[in-house]
Amino acid sequence: MENMNKELKINSGALKPEVSFTKRLWVIIPVVLLVGLLSTLVYNHYAEFSWNGFVAGFDQEFLIFVLIGIFAQLVDGTLGMGYGATSTSFLLAYGVPPVISSAGVHVAEMFTTGASAISHHRFGNINKKLVKNLLIPGVIGSVVGAYLLSDVIDGDMIKPFIAVYMIALAVIIIRKAMKKNIIKKKTKRLGVLATFGGFMDAVGGGGWGPIVTSTLLGRGRNPRYTIGSVNAAEFAVSFASGITFMLFGGIHGWQVILGLILGGVAAAPLAAYLVNKIQRKPMMIAVGILIIVLSLKTLSKFL
């Protein structure tokens, strides 16, 4: 009996490092990818920056992009949706071209969603099975959408259509907020949902959260684990579309990208902490109305 107990202790002791290492991978993978991406960006684009130009870039406009990044990440991290829709609506209303705004949002999201995934893991908000089901289809959809926007579609031509799409996303957000007595139902075709969400997110500069998160919440899934898991999967989706934008369209508008990154990364831990602390309904309605107002402002320029 004693020998058996010793053997069990030895076996359980041998398993602990393996389990803890698996858990650590949820932090290690985003960190390694982000460091690699940052190193690549610095190496490939260092020649574009002079010291004077770099210092001159930290102006009032840069501060606006930082504030947009903070607000968009607080919205996304607490509601599980709205980073792309919120930041893209602000950028388009501010006059940033669609290709630069969408590419900037997705490159910035590589960092913000990485920070968000780590934060949600830290607070225990992730359902790993759900993340795995969303990850690969979402990546495929985002790569196709990013390629089309970078190399096929004229960004200026689709600007009004993106604004209309943003209004549709805002209506979805408000509609989900107003829904009462949600009955839990089994979610079918997660792969199709993730592919469509990834595609529309890349083309429109937002949509992963409003499409995927709102659908899952509408089926009665637990808000905490749904938001944490969709945010974690969004890291891979944003990474894939951001790399595609870099390969086919290049990187432009470093002020937009850096401002969104700094604001988003700073706000990510606070957003993950607040996910269960805020009243979702009034915030979802307020965010939806804000996106509609910004999108109407963008549309008014074409009328």
Side-chain angles (χ1 to χ4, degrees), residues 19-37 69 72-87 105-143 187 190-191 193-202 206-217 219 221-243 260-261 264-276 280:
V19 173
S20 61
F21 178 73
T22 304
K23 287 183 178 179
R24 283 200 298 270
L25 281 177
W26 286 85
V27 176
I28 292 170
I29 290 173
V31 169
V32 169
L33 288 174
L34 292 176
V35 170
L37 173 65
Q73 186 57 41
L74 285 173
V75 169
D76 188 73
T78 52
L79 298 181
M81 63 183 83
Y83 182 91
T86 304
S87 52
V105 166
H106 284 89
V107 172
E109 276 190 310
M110 291 176 168
F111 294 89
T112 59
T113 55
S116 184
I118 292 168
S119 299
H120 278 295
H121 179 263
R122 170 70 181 80
F123 289 104
N125 300 338
I126 292 176
N127 179 329
K128 294 175 185 177
K129 184 179 178 182
L130 179 58
V131 173
K132 290 172 184 175
N133 286 331
L134 295 174
L135 204 136
I136 294 175
V139 165
I140 292 170
S142 69
V143 168
T187 310
L190 273 175
L193 175 67
T195 304
F196 179 67
F199 177 81
M200 294 307 296
D201 187 77
W208 173 256
I211 291 169
V212 180
T213 304
S214 64
T215 300
L216 295 177
L217 291 178
R219 305 295 288 183
R221 281 183 172 264
N222 182 290
R224 174 185 172 186
Y225 295 111
T226 298
I227 292 168
S229 303
V230 173
N231 268 264
E234 190 177 13
F235 171 62
V237 172
S238 299
F239 208 92
S241 57
I243 292 293
L260 293 177
I261 288 171
V265 170
L270 177 60
Y273 171 74
L274 291 174
V275 71
N276 272 336
R280 293 174 51 76

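Keep in mind that the numbers below use all heavy atoms, side chains included, and drop hydrogens, waters and symmetry copies. Quantities reported herein were computed from a predicted structural model and do not represent experimental measurements.
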Side-chain touch Val131/Ile126, heavy atoms, less than 4.5 angstrom: yes
Applying side chain to side chain contact (heavy atoms under 4.5 Å, CB included), can you list everything that pairs with Ile140, at least two apart in sequence or on another chain? Ile136
Heavy-atom side-chain proximity of Phe196 to Ile211 below 4.5 angstrom: yes
Heavy-atom closest pair (Ala271 atom, Gln73 atom, distance to 0.1 Å) is CB-O, 3.7 Å
NE2/His120 to CD1/Ile227 distance, rounded to the nearest 0.5 angstrom? 7.0 Å
Taking all atoms of both residues into account, what is the closest heavy-atom pair of Asn127 and Ser229, and its distance? N-OG, 2.7 Å
Partners of Pro269 by side chain to side chain contact (heavy atoms under 4.5 Å, CB included), sequence neighbours excluded? Ser119
Could you work out, with side chain to side chain contact (heavy atoms under 4.5 Å, CB included) as the rule, every residue matching Ser238, not counting sequence neighbours? Glu109, Thr113, Glu234
To check you understand the geometry: which heavy-atom pair defines the closest contact between Ala202 and Ser142, and what is its length? CB-O, 3.3 Å
Nearest heavy-atom contact between Val139 and Ala236 is CG2-O, 3.7 Å
So, using side chain to side chain contact (heavy atoms under 4.5 Å, CB included) as the criterion, who are the partners of Val230 when residues are at least two apart? Leu134, Trp208, Val212, Thr213, Leu216, Thr226
In Å and rounded to the nearest 0.5 Å, what is the CD1 to CZ distance from Ile118 to Phe235? 7.5 Å
Report yes if the side chains of Leu135 and Val237 come closer than 4.5 Å at any heavy-atom pair, otherwise no. no
